[in-house]
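Here is the structure we will look at, set down as structure tokens.
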Amino acid sequence: MKIFLPLLALLAVSCAASTDPAREVITDFAGKDFPVRLSLDLDKTDGCDRFSYRVSDGTLCIEGSSNVALCRGFYEYVKSQGAGICSWSGDRFDLPERLEESESVSGVSPFRHHYYFNVVTYGYTMAYWDWERWSREIDWMALHGIDMPLALVANEAITARVWKKLGLSDDEIADYFVGPAHFPWMRMGNISHHDGPLPAEWHEGQVKLMHRILDKMRSLGMSPICPAFAGFVPQAMKRLYPDLNLMEMSWSGGAFHNWMIDPQDDLFGQIGRMFIEEWEAEFGKCGYYLADSFNEMDIPFPPKGDPSRYSLLADYGAKVYGAISAGNPDAVWVMQGWMFGYQHDIWDYETLSALVSGVPDDKMLILDLAADYNRCKWHSEYNWEYYRGFFGKQWVYSVIPNMGGKTGLTGILDFYANGRLDAMNSSNRGNLAAFGFAPEGIENNEVIYELLSDAGWTDGEIDLDAWLENYSLCRYGAVPEGIKTFWKELRKGVYGTFTDHPRYVWQFRPGLAGRGSIHIDDHLFKAAKAFASASGELGDSPLYAADLEEMTAHYLGARMEEAVLDIYDKAARGKNFRAREEAFLDMGEALDRALASHPNLRLDNWIGYARAWGDTPALADYYERNAKRLVTIWGPPVEDYSARIWSGLVRDYYLPRWRKWFDAQRDGTGFDFASWEENWVRNSAGTSAVKPFEDPVAACVSLMERY
């Protein structure tokens with residue numbers, strides 16, 4: 001059934017239920033007073049998602065094979081008009097009330113599914129999200145055509161229920177669990193207990209949240225990937241099963257530990273089945289389940305060439321799939337493939353072949369996460385070539401544009417635009433089932449994700465120059481020459497190079513040798529100034545203002561990098577140390593203040609989400625400590641990994657550390673940074689006060705001129 005009404009009226013009219021979810025997403029994006037007449041027609045078909053749109057008699061008519069396809073069709077129409085964008089920094093929507101007539105335009109995805117998220121995004125970005133933030137992200141997914149997201153919230157609640165049924169106590173379970181921001185690494189078997197014990201109050205809210213997440217995802221026709229049991233349990237399980245064979249796993253050079261049940265033990269399959277049953281009793285049937293057991297760890301099996309290595313791995317793969325299948329015979333086992341490229345020395349062709357040999361081809365989905373690392377970092381053979389199409393199993397082409405939620409600029413835009421064509425045209429493409437991207441953290445480098453989303457919906461080559469011009473038009477409403485120059489310069493520098501861990505040296509503990517990893521050159525400075533030159537024309541655009549604040553931070557951050565390297569060079573000889581120190585700190589304070597108006601790049605946002613989960617001051621304090629730990633000392637020994645360029649974090653953490661170091665250099669004394677950092681995580685509350693610039697755009701332009 002087609003409906004022709006103003007969108008505002010549709011809010012109060014009962015319409016075809018099958019298109020209600022798409023209509024809600026569109027309304028959330030376009031605004032409830034959006035006056036354009038809209039028709040949505042759902043025509044479900046098998047195969048890849050498709051849509052078409054046209055304007056007839058002033059009505060925007062969209063047809064699609066799913067609610068996600070309808071949303072994608074609407075979004076593509078908006079972008080074809082240069083009329084808006086949906087982004088983490090904010091939305092722009094500016095369609096006119098009367099639309100010009102147009103012929104039908106069709107779009108067909110070359111992929112059956114569009115995958116999104118990384119297991120660790122649930123730590124580095126989403127650990128403490130509330131429903132409002134989750135709902136906005138699901139809207140973002142739908143408009144960008146994503147239908148296969150990881151959905152891992154409430155994993156610990158279901159795990160705790162299963163373990164309690166087996167006989168573990170609440171204390172034994174809570175003591176094993178880590179702090180919420182560190183869940184991903186516990187789930188993958190890297191760590192246990194870290195920043196615990198986990199408060200029992202955590203679980204109820206997470207279950208309620210996950211119901212809302214799954215309800216909305218499923219209403220849009222998405223196929224969420226939910227968690228499964230990967231074999232990791234507390235040591236306390238030996239109290240219940242004294243003869244249980246537990247294999248100790250270690251990570252990060254032995255700094256962290258976890259324990260895995262021997263897959264040959266009957267308890268492995270029993271817990272795996274119980275988990276699926278408990279999950280589906282709470283959340284309903286799921287088609288895809290994720291289980292990862294060897295992420296970045298030495299494999300606890302015999303050496304290569306030993307036949308028992310391959311028989312044990314084949315048995316392990318069969319046991320994991322068997323446990324999932326016992327709980328849901330229709331389910332597909334999903335497995336991350338990061339280690340298959342990262343650890344070729346362990347995961348050679350024969351080893352992976354053995355692991356997946358006991359799983360039916362249509363019951364396994366391998367997430368080949370890091371094609372950009374193959375091509376741009378490791379300079380190695382693509383995994384689908386090395387493993388010859390993944391042995392007939394379904395697999396997902398994916399990239400990892402971000403590590404740790406770092407906010408530094410990096411990534412080869414040309415590759416993200418067209419790298420997928422290497423897979424699509426390969427003789428080893430095998431059962432290529434999906435396209436996706438798996439950032440460890442989001443709300444950064446936004447152009448990359450918009451580009452990737454569009455790439456996943458076309459089988460042709462993207463003209464990046466034309467694409468960037470349209471992106472800028474959609475984002476800002478105009479494309480002055482300064483914006484064109486901005487993109488040309490960035491593509492010669494930070495967006496023409498790939499740095500897997502982009503951090504400035506001033507984000508590391510002071511006094512360490514070396515330099516940061518962000519690609520700093522004249523192109524970065526020229527790009528920032530070219531962007532600022534458009535302020536006269538674009539200064540009233542909120543998204544331009546946000547991006548200018550961010551570019552100012554990168555500009556000043558690079559100048560601070562130069563200052564630190566100069567200080568390191570001159571400090572030993574004592575030349576102008578005080579003046580260099582003051583100049584560095586002055587730039588840092590200006591950087592922090594420039595970001596104080598940014599919608600995302602602020603520590604107070606991160607802390608606010610965490611504290612909101614605490615029903616008591618003590619719980620709120622615990623969640624705040626855990627959230628701050630992740631983005632600073634992490635462990636240790638994974639210090640300064642996340643490296644956020646955030647207002648609040650710069651003025652309250654990075655700059656005070658440098659002041660301590662400067663004092664120690666002048667006094668000729670040492671300083672215990674580890675104790676100071678731990679104390680900051682444990683005892684500092686919130687963020688210090690800062691006064692944002694009254695006119696951030698003018699202030700940012702002035703700062704670039706000053707430095």
Indicate every side-chain donor-acceptor pair of residues 319-327 with a distance under 3.5 Å to a residue at least two apart or in another chain.
residue : atom : partner : partner atom : Å
K319    : NZ   : P263    : O            : 3.4
K319    : NZ   : D315    : OD2          : 3.3

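- The shortest distance between side-chain heavy atoms of H193 and Y176 does not fall below 4.5 Å.
- Using a distance-only test at 3.5 Å, with no hydrogens or angles considered, a donor-acceptor pair links the side chain of S426 to the main chain of N428.
- Aromatic rings of F111 and F435 (six-membered ring for Trp) have centroids within the 6.0 Å cut-off, being under it.
- Taking the centre and axis of the six-membered ring of W606, the NZ or CZ atom of R644 falls inside the cone set by 45° and 6.0 Å.
- The local environment of NZ in K165 is sparse, with at most 12 non-hydrogen atoms from other residues, nucleotides or ligands closer than 6.0 Å.
- The residues D621 and R611 are annotated as salt-bridged, a charged nitrogen and a carboxylate oxygen being separated by less than 4.0 angstrom.
- The backbone N or O of G686 sits less than 3.5 Å from a side-chain atom of E624, completing a donor-acceptor pair.
- Ring geometry, Y382 versus W384: the interplanar angle falls under 30°, so the pair is classed parallel (tilted spans 30 to 60°).
- Between D330 and K285, at least one side-chain nitrogen of the basic residue sits less than 4.0 Å from a carboxylate oxygen of the acidic one, meeting the salt-bridge criterion.
- Side chains of D171 and S169: no donor on one and acceptor on the other come within 3.5 Å.
- To the nearest 0.5 angstrom, S293 atom OG is 14.5 Å from R187 atom CZ.
- The nearest pair of heavy atoms linking P636 to E639 is CB-OE2, 3.3 Å.
- Checking each of Y124, F232, Y122, F256 against W185 for a ring pair (Phe, Tyr, Trp, His ring centres under 6.0 Å) leaves exactly one that passes, namely Y124.
- Applying the side-chain hydrogen bond (donor to acceptor under 3.5 Å, both in side chains) rule to pairs touching residues 214-233 yields S135-K216, D139-K216, sequence neighbours excluded.
- Between Y449 and W88, a ring centre-to-centre spacing shorter than 6.0 Å is recorded.
- Taking the six-membered ring for Trp and the full ring otherwise, W202 and Y128 have centroids separated by under 6.0 Å.
- Between Y373 and W338 the shortest side-chain heavy-atom distance falls below 4.5 Å.
- Enclosure of atom NZ in K164 is not indicated, since only 12 or fewer non-hydrogen atoms of other residues, nucleotides or ligands lie within 6.0 angstrom.
- Ring pair F340/F294: centre-to-centre distance not below 6.0 Å.
- With Y653 as the aromatic partner, K628 does not meet the cation-pi criteria of under 6.0 angstrom to the ring centre and within 45 degrees of the ring axis.
- Interatomic distance, CE of M126 versus CD of E443, reported as 10.0 Å (0.5 Å rounding).
- For the pair R212 and D130, the salt-bridge criterion is not met [side-chain N within less than 4.0 Å of a carboxylate O].
- Looking at residues two or more places apart in sequence or on another chain, you find a salt bridge (charged side-chain N to carboxylate O under 4.0 Å, His left out) between E172 and R239.
- When ring centroids are compared, H344 and Y386 come within the 6.0 Å threshold.
- At a threshold of 4.0 Å, the pair R309-E350 does not count as salt-bridged, since none of the basic side-chain nitrogens sits closer than that to a carboxylate oxygen.
- For the pair N431/F390, no side-chain contact is recorded, criterion being any heavy-atom separation below 4.5 Å from C-beta on.
- Centroid-to-centroid, the aromatic rings of W251 and H257 stay 6.0 Å apart or farther.
- Contact of the K393 side chain with the W333 side chain is not registered, since no non-hydrogen atoms from C-beta on lie closer than 4.5 Å.
- Heavy-atom contacts from other residues, nucleotides or ligands closer than 6.0 Å to CG of D672 number more than 12.
- Interatomic distance, CG of D195 versus CZ of R625, reported as 8.0 Å (0.5 Å rounding).
- Rounding to the nearest 0.5 angstrom, the gap separating the OG atom in S311 from the CG atom in L313 is 8.5 Å.
- Taking the centre of each ring, W347 and Y342 stay at or above the 6.0 Å mark.
- Ring centroid separation for the pair F437 and Y116 comes in under the 6.0 Å cut-off.
- In the model, E440 has no side-chain atom that pairs as donor or acceptor with a side-chain atom of N118 under 3.5 Å.
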